[in-house]
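Just so it is clear, the model here is predicted, and its values are computed rather than measured. Count residues from 1 along the sequence. Computed over heavy atoms, backbone and side chain alike; hydrogens, waters and symmetry mates excluded.
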Amino acid sequence: MRTQVGQDPGPQYNLARSWAHYGVSAGGPSVGTIVVWRHHVGTIVGHENGQWIVRSGNDGHAVRTRPRSLAGAIAFRRAYASM
């Protein structure tokens, strides 16, 4: 995720839950939003057939884009405008 937000925010963002404090609150899921779970983070890239499409790294040892449940998400964030 550090390589996906423009300017690398640094190694403190190696832990997925650190992204819960990145940028500003998005107030909920939408395309372009960073979604954060306790142990995973990704970017919502679409919404199809009632499912959110999320692109994330280290998903089955690869970068994948696929429908994912947002159950258990702890934050929805928007990147800083200047990044």
request  = Give the C-alpha distance, both sets of side-chain angles, the deciding distance and a yes or no for side-chain contact (heavy atoms from CB on, under 4.5 Å) between I44 and L70.
outcome  = CA-CA 10 Å; I44 298 174; L70 301 184; 4.2 Å; yes
request  = For side-chain contact (heavy atoms from CB on, under 4.5 Å), just list the numbers for D8 and Y13, CA-CA rounded to whole Å, side-chain angles, deciding distance to a tenth of an Å, and then say yes or no.
outcome  = CA-CA 9 Å; D8 184 345; Y13 287 93; over 6 Å; no
key: Intermediate values then yes/no, side-chain contact (heavy atoms from CB on, under 4.5 Å), W37 and I74   = CA-CA 5 Å; W37 295 271; I74 60 172; 5.8 Å; no
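Using a 4.5 Å cut-off on side-chain heavy atoms (C-beta onward), F76 and S30 make no contact. Residues V5 and I34 are in side-chain contact: their nearest non-hydrogen atoms beyond the backbone lie under 4.5 Å apart.
In terms of heavy atoms, V31 sits closest to G46 at CG2-CA, 3.8 Å. Nearest heavy-atom pair across G57 and H40 is O-CE1, 3.3 Å. Summarising the geometry of S56 relative to G42, their closest heavy-atom pair is CB-CA, 3.8 Å, with the distance given to 0.1 Å.
Listed by first and then second residue, the salt bridge (Lys or Arg N to Asp or Glu O under 4.0 Å) pairs involving residues 48-64 are D59-R64, D59-R66, D59-R68 (not counting sequence neighbours). The stretch residues 50-71 participates, sequence neighbours left out, in these ring-ring contact (aromatic ring centres under 6.0 Å, His included) pairs: H47-W52.
Residues that satisfy the side chain to side chain donor-acceptor pair (under 3.5 Å) test with N14, not counting sequence neighbours, are R2.
With hydrogens and angles ignored, the 3.5 Å screen pairs a side-chain donor or acceptor of S69 with a backbone N or O of A71. A donor-acceptor pair is defined here as one N or O able to donate and one able to accept, closer than 3.5 Å; such a pair exists between the side chain of R77 and the backbone of Y22.
Paired with V54 under the rule side-chain contact (heavy atoms from CB on, under 4.5 Å), one option of T33, V45, V35 passes, and it is V35.
For the residue pair R78 and S25, no side-chain donor N or O sits within less than 3.5 Å of a side-chain acceptor on the partner.
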